[in-house]
> 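Got a structure for you, written out below as structure tokens; questions coming shortly.
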Protein chains: 2
Amino acid sequence: MTHKKRPIGMVDIARLAGVSRPTVSRALQGSPLVNEETKERIREIALRHGYIVNRSAQNLRRKRNNVIAVVIDFPHLPESRISDPFHFELLGNISNELANQGQDVLLCSTQSVHSEPLEQMLSSKGVDGIIFLGQSGEEGELTSLANNGVPFVVWGAEPQKKEYCVVGSNNKRGGKLVAKRFTELGRTSAMFVGPDDHDEMKLRFSGFSSEWKGALEELAVKDISFQSSRDAVLHWLDSHDWHPDAIFAGSDTMAIGVLSALKAKGLSIPSDCTVCGYDDSPISIYHSPSLTTVKQDTSAAGILLVAKLMKIIEGEIQESEMLRTELIERET
Amino acid sequence: MTHKKRPIGMVDIARLAGVSRPTVSRALQGSPLVNEETKERIREIALRHGYIVNRSAQNLRRKRNNVIAVVIDFPHLPESRISDPFHFELLGNISNELANQGQDVLLCSTQSVHSEPLEQMLSSKGVDGIIFLGQSGEEGELTSLANNGVPFVVWGAEPQKKEYCVVGSNNKRGGKLVAKRFTELGRTSAMFVGPDDHDEMKLRFSGFSSEWKGALEELAVKDISFQSSRDAVLHWLDSHDWHPDAIFAGSDTMAIGVLSALKAKGLSIPSDCTVCGYDDSPISIYHSPSLTTVKQDTSAAGILLVAKLMKIIEGEIQESEMLRTELIERET
DNA sequence: CCCTAAATTGCAAACCTGTGCATTTGAGCA
DNA sequence: TGCTCAAATGCACAGGTTTGCAATTTAGGG
């Protein structure tokens, strides 16, 4: 039919509008340099002909690419250390907020990231900034990244050194809330279940123990999975002749593992022992008996992470910020 | 320090290697045109100086961008219709396989997709192909996409018309497996719980009913959430004076809703009524009592989806393919 | 030693846009 | 009218890579 199957370009719009190509470029960017009505006319023509700018060329010319990489540790993959539905929810909120801000979301699993230096990814894939999810225990690498001027934010625990910007929930406060709740319930001997090498969990424990007045046991588990917390609790119960009357688990997934172990031992919940989780992830609602938990506001988290990252990209420096946590009481 | 802070480019490598820029370009692509030892030398120099090609420029020049969009319906977002941890697992596997194939993963939530025509996204964001996850009931749009020559694959139910390529699990077979299991258990009256406007669920039901010889009730629910299946079952039990002795729920999430309802009514599981889910998602393992379910192999799914999409992008046409499903028996 | 083909390499155009600067246009004013 | 000034637009180049084609070098055969 037509002379060439070539997709429509900026030159074509320029010709149709009877102006030069640069004018079209400026018009589409909303530059104040170009006359209002010309601008409007050009826009109308572009729209009618279904023209959209070529991102590759645009990216090449500007240095900014409008691409944010989200690095996440996927569950159910061989080398995954952290696996929790909570991260999925967070990912959804971040993705939406990035879309609102006109940013593309480049999804990376930690596995693929570890294979090549992150800096490479930046320039190679044209990534403007990075959001790390669930990267506990990588402070070294992250600090090095920050020193190299890579713009990024992290979801996680508040860092000791303020080398980079972290957004997280107020884990310490969350832990205190749980302690208060246990106290209200009249419990006297508590146990915390969680890995001892995980920053967020450590803070939750620290908050809890600062508030808790009764007996306190800490049960360290090797990872945050359902299985390992279940096994750990079973083993503990086997080797002791008493049991705590309240257990605070570092996450909902772990809490359910704890519940499973308690039930297996014939304890009745919550009369013999009450259990509290963390995250307010779907499983804590669906589980029966449903679980009292500490909610982290993932929607606010997504918005805040994105906002801070954008500012960091602009060159501003941003303080870390911990979101308010909230106790969700459910029958247990 | 140095003259310019300009990032290292192909010209620099060329100068260092004492060759021209095009030669470097070809060497890095592994072109057979360039001498083996020259190639090796150039590669070594590039590596040593940490040079990586500028993707924007590369994309501009080639027409291919090596970017695959994954469109997913995130849970816990306002307009989300489908929300299941199962999709998270699938996403992880797809993401990994795409990384293996050297493709970037552009993550899109359905919300942002619906706001602008998909075709725009393609050229604007430089997307080479799309993978749709959980897009049941969009056949119209998808067919139109296919007719416009957009390369994409879908995870979901086998389509009536073979206009585009779908990968999914063999839902019908999955349903049959459940029916067999119920029969083995000596159950006589069954109920299927699931929405009646969801293709995959319909097939699961169809498979089930083709194999099931006993009494059969179909309980239609409005969406696939925990809440609505729980409510539906409660309501049903209230308005009937008997109950089935086996329930097949369209997904694990729904199965847990069903369990919750049954327990609320004081039925004991599995003696009064056995329940079976679908997906083998984490919650089915963690739940207590843990749930018999039908497993879909998400790892194979990811690999297959990606492989087919790549071929479609190359221009080949691909048949839809349903993966084998497998019954996972757990105490219930 | 000359000729031809193959193996390498370099030249220059092309991909599509953004932007500094010069140029044109038109208005306002003495 | 002649001048200045601001607004609007166009020119031309830059950005980093790929690739068709020409040019050069090398090897092999007569």
Side-chain angles (χ1 to χ4, degrees), chain A residues 4-43 45-46 49-67 120 122-128, chain B residues 4-43 45-46 49-67 102 104 120 122-128:
Chain A
K4 280 279 178 109
K5 191 56 190 177
R6 179 177 53 88
I8 192 160
M10 199 178 266
V11 266
D12 305 306
I13 304 298
R15 192 175 323 119
L16 288 163
V19 296
S20 75
R21 199 182 41 81
T23 303
V24 175
S25 171
R26 283 190 264 255
L28 263 35
Q29 290 178 75
S31 159
L33 284 178
V34 42
N35 185 310
E36 269 312 325
E37 60 190 37
T38 315
K39 208 186 291 187
E40 194 44 51
R41 184 165 46 94
I42 292 178
R43 279 194 178 131
I45 293 180
H49 290 259
Y51 168 75
I52 57 268
V53 304
N54 180 319
R55 277 284 256 263
S56 303
Q58 190 174 59
N59 291 344
L60 176 59
R61 193 51 235 250
R62 306 173 168 175
K63 292 299 192 179
R64 194 87 169 323
N65 283 25
N66 288 347
V67 173
Q120 286 210 5
L122 277 201
S123 44
S124 144
K125 306 200 172 174
V127 167
D128 301 309
Chain B
K4 280 280 178 107
K5 190 57 188 175
R6 179 176 52 86
I8 191 160
M10 200 176 263
V11 266
D12 305 305
I13 303 298
R15 191 174 323 119
L16 288 163
V19 297
S20 74
R21 195 168 37 107
T23 303
V24 175
S25 171
R26 283 189 266 256
L28 264 36
Q29 291 178 73
S31 159
L33 284 178
V34 44
N35 186 312
E36 269 311 325
E37 61 189 34
T38 315
K39 208 187 293 187
E40 194 45 51
R41 183 166 45 94
I42 292 177
R43 280 196 177 126
I45 293 180
H49 290 257
Y51 168 76
I52 58 268
V53 303
N54 179 319
R55 276 287 255 265
S56 302
Q58 188 174 60
N59 290 343
L60 176 59
R61 191 50 233 245
R62 305 173 167 177
K63 295 297 191 175
R64 192 91 165 331
N65 284 24
N66 287 345
V67 173
D104 290 351
Q120 285 210 6
L122 277 201
S123 44
S124 145
K125 306 201 172 173
V127 166
D128 301 310

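All values reported here derive from a predicted model rather than from experimental measurement. To find a chain, count down the sequence lines: A is the first, B the second, and so on, and within it residues start at 1.
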> Choose from dT18(D), dT9(D), dT19(C) the nucleotide whose nearest atom is closest to any side-chain atom of Gln29(A).
dT19(C)
> With a 4.5 Å heavy-atom cut-off, do Asn66(B) and Gln58(B) have their side chains touching?
no
> In whole angstrom, what separates Asp12(A)'s CG from dT17(C)'s C1'?
14 Å
> dA12(D) P sits how many Å from Arg21(A) CZ, rounded?
12 Å
> Any side-chain N or O of Thr38(A) below 4.0 angstrom from OP1/OP2 of dT9(D)?
yes
> Using only side-chain N and O atoms of Lys63(A), determine if any of them is under 4.0 Å from OP1 or OP2 of dT19(C).
no
> Please determine, for the side chain of Asn35(A), which listed nucleotide (dA8(D), dG16(D), dT17(C)) has the closest atom?
dA8(D)
> Of Leu60(B) and Arg26(B), whose nearest nucleotide on DNA chain D comes first from the 5' end?
Leu60(B)
> Give a yes or no on whether the backbone of Ser31(B) and the side-chain of Lys39(B) come within a donor-acceptor separation of less than 3.5 Å.
yes
> Among the nucleotides dT9(C), dT17(C), dC16(C), which one has an atom lying closest to any side-chain atom of Gln58(A)?
dT17(C)
> Side chains of Asp12(A) and His49(A), heavy atoms from C-beta outward: is any pair under 4.5 Å?
no
> Respond yes when some side-chain nitrogen or oxygen of Thr23(A) is under 4.0 Å from OP1 or OP2 of dG10(D), and no when none is.
yes
> With a 4.0 Å limit, can you tell me whether Tyr51(A) has a side-chain N or O closer than that to the phosphate oxygens OP1/OP2 of dC16(C)?
no
> Does Arg61(A) have a side-chain nitrogen or oxygen under 4.0 Å from the phosphate oxygens OP1 or OP2 of dG15(D)?
no
> Has Ser25(A) got a side-chain N or O lying under 4.0 Å from the OP1 or OP2 atom of dT17(C)?
no
> Does any N or O in the side chain of Arg21(A) come within less than 3.5 Å of the main-chain N or O of Met10(A), such that one atom is a donor and the other an acceptor?
no
